[in-house]
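A short write-up of the structure that comes next.
Below, all heavy atoms of this structure are taken into account, side chains as well, without hydrogens, waters or symmetry copies. Since the structure is predicted, the reported quantities are computational estimates derived from the model, not experimental observations. Every chain is numbered from 1 and lettered A, B, ... according to where its sequence line falls, protein lines coming before strand lines.
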Amino acid sequence: MAVENRMDKIVALAKRRGFIFQSSEIYGGLNGFWDYGPLGVELKRNVRQAWWSDMITEHDEITAPVGAPTSFDMVGVETSIIMHPQVWKVSGHYDLFADKLVDCRETKARYRFDHLRGRWASHGGNRIFVATDKDAEEGIAFVEQRALKFFGLKKDKLATIEFGTGTHGGLHFNGPPFTAQYTPAAAVPGLRPITETDSFDNVLAPEATKPGSLTDPRDFNLMFQTYTGALQSDENKAFLRPETAQGMFVNFKNVCDSSRVKVPFGVAQIGKSFRNEITPRNFTFRSREFEQMEMEFFCHPGQSLAWYQYWRDRRYSWYIKHGISKDNLILREHAKEELAHYSVGTADLEYAFPFLDVGSYGELEGVAHRGDFDLRSHSEGKLCKQDGNLVVELGPDGKPKYLGSGKDLSYFDDESRERFIPHVIEPAAGCDRATLAFLCEAFHEDKQPDEKGVMQERLVLKLHPKLAPVKVAIFPLIKKDGLPEKAAAIYRAFKQAGIAVQYDQQGAIGRRYRRMDEIGTPYCITIDGETNTADTVTVRDRDTLEQIRVPVTELIDHVQAKLKG
RNA sequence: GCGGGUGUAGUUCAAUGGUAGAAUGAAAGCUUCCCAAGCUUUAGGCGAGGGUUCGAUUCCCUUCACCCGCUCCA
């Protein structure tokens, strides 16, 4: 059976030509990890480079770019992958990523273990524990309704069901609680933690029709753990960062104090992050080790909405500028319910990856308005929302659950004589996802005539010249008449000019063109008989197949101009 | 994590309880003045582990990986 699927073809090409390999492939691979091969590493470096120069190198801090409220400063950092564990407690990742979860085999629902409670119910010799993840009154009503349904009774027969009450009603299992080793759910009047069951065999999960569908509670810590120092104890437990953003937040003061930036300004970083994803899937799209390109933009709260809109639109344009078709990229504003608790607005930039259904999109980048959540958290401690305001989250003892640094992370504006905590706009892009999107977008199959005029299938990567791993290929048309020597000299000249170039004299010329098409090389230069007489070469365009003659003396300037586009 | 499917050369595919084939790609040579041409030569494979068997790539079990669906994706 031939490969029909477009994504499979892209994966095969990526492997065949050395873009992307499975990690540790000779040992059978490792789920969620990928390696970039000789061409892939160049492609990805070019993606990074395109982002970094757009953000930092080519940024003009004197002039306001089109669409921007004002001019602004931009700087970069590179922060460590392992940070102080308190960073993750305060940021919320520790709590969010460390839950014990229970899966329902029947309904496929997943519950936070410490949210599951319920009551024992008995009728006609049948005894089950009816579980719910709802609170108090709502939970009790839910449990009663579920029990009626399970026993096949009408509403007026509720009294015929015997419910467990209090701590240890007659219905309660008296042996050691099955799940004693786990933190029980918080006590709720009238409902018992699920820990007080003998086993999950007689637990009726919410929405399930039969008891015993729940799995054992399992750790779902999405942060990779390690230890600092040789001693593996809880005190020196550390985490691989699940995002690069915190590196910018905790260095906010350092950057302010050392680099003369003034609000508004952005701090950018490219680096690896790690998430122990439950289901890595879809080639490199969801990996456990991945690279982020993130920028934290600090601005005055009063201007934050304008900056949010500016960055959202600018980041959209970046993808378009580098070859993503408008048909395949959407900018999706999150609905209010979807927003993280601290966010005023978030937009996703999503790409129509070939592995998704038509009309579905996968996230390339999130542009989030984060308010002052991050700087305040790292100053005051972990925050939570209460009556619409962010307040320090308290633990059971009434003290702050996780302490912040206590450092003042506010900003003093010398011009307006105003002190404030800047608001943050965060465009957070996935470098591997962008690389994959560019690869998918570039992938084309077309028909081109061979030397006999017969149409042949051609695979071509129509990569933007800036992203193409190889910019130019040099071919002597034949292996004699001094053509290889002339070609080698031109090859060396391109090397010296710092242009990624390849030399190939192997096989028929058509084959060499196709080889370059497959890896996305935009220009092929062929040295032929006329080079000897007129000192000109042909430059062949990957997309149009057109050839023009260019004098050797003007060759590098000609190509450089074309690469700039 | 659940259910289903698939693992044979770099890639795409065959066949087989008894020495694994092809196409294409790769390398070398000859030829060749512009889009996968021709000829010659070479290298290269049964995902891993265990079991059944005289003998396993083939049958069974486990495991790993990939694909599809669900779930998840702060």
Residue among Arg542(A), Arg512(A), Arg17(A), Lys462(A) satisfying salt bridge (Lys or Arg N to Asp or Glu O under 4.0 Å) with Glu518(A): Arg17(A)
Side chain Arg512(A) and base C35(B) donor-acceptor under 3.5 Å: no
Polar side-chain contact Tyr27(A)-C64(B) base: donor and acceptor under 3.5 Å: no
Which nucleotide in the set [options] lies at the smallest distance from any side-chain heavy atom of [X]?
X: Thr538(A); options: C34(B), A65(B), C66(B); value: C34(B)
X: Thr526(A); options: A36(B), G69(B), C34(B); value: C34(B)
X: Tyr513(A); options: C2(B), C34(B), C33(B); value: C34(B)
X: Ala12(A); options: C33(B), G1(B), U11(B); value: U11(B)

Output the rounded distance in Å from [atom1] ([X]) to [atom2] ([N]).
X: Phe21(A); N: U11(B); atom1: CZ; atom2: C1'; answer: 12 Å
X: Lys15(A); N: U12(B); atom1: NZ; atom2: P; answer: 8 Å
X: Glu546(A); N: C34(B); atom1: CD; atom2: C1'; answer: 15 Å
X: Ile26(A); N: A65(B); atom1: CD1; atom2: C1'; answer: 14 Å

Any [X] side-chain nitrogen or oxygen under 4.0 Å from OP1 or OP2 of [N]:
X: Arg511(A); N: G25(B); answer: yes
X: Asn31(A); N: C64(B); answer: no
X: Gln506(A); N: A27(B); answer: no
X: Asn282(A); N: C67(B); answer: no
X: Lys480(A); N: U32(B); answer: yes

Looking at every strand, decide which applies to [X] at a 4.0 Å heavy-atom threshold: base, sugar-phosphate, or nothing.
X: Glu363(A); answer: nothing
X: Arg515(A); answer: sugar-phosphate
X: Phe283(A); answer: sugar-phosphate
X: Asp517(A); answer: nothing
X: Arg458(A); answer: nothing
X: Glu243(A); answer: base

Basic-acidic side-chain contact under 4.0 Å: Lys382(A), Glu393(A): yes
Aromatic ring pairing Phe355(A)/Phe353(A), orientation class (parallel under 30°, perpendicular over 60°, tilted between): parallel
Ring centroid separation Phe274(A) to Phe239(A) under 6.0 Å: no
Ring centre gap for Phe21(A) and Trp34(A) strictly below 6.0 Å: no
Main-chain N/O of Thr244(A) paired to Gln269(A) side chain as donor or acceptor, under 3.5 Å: yes
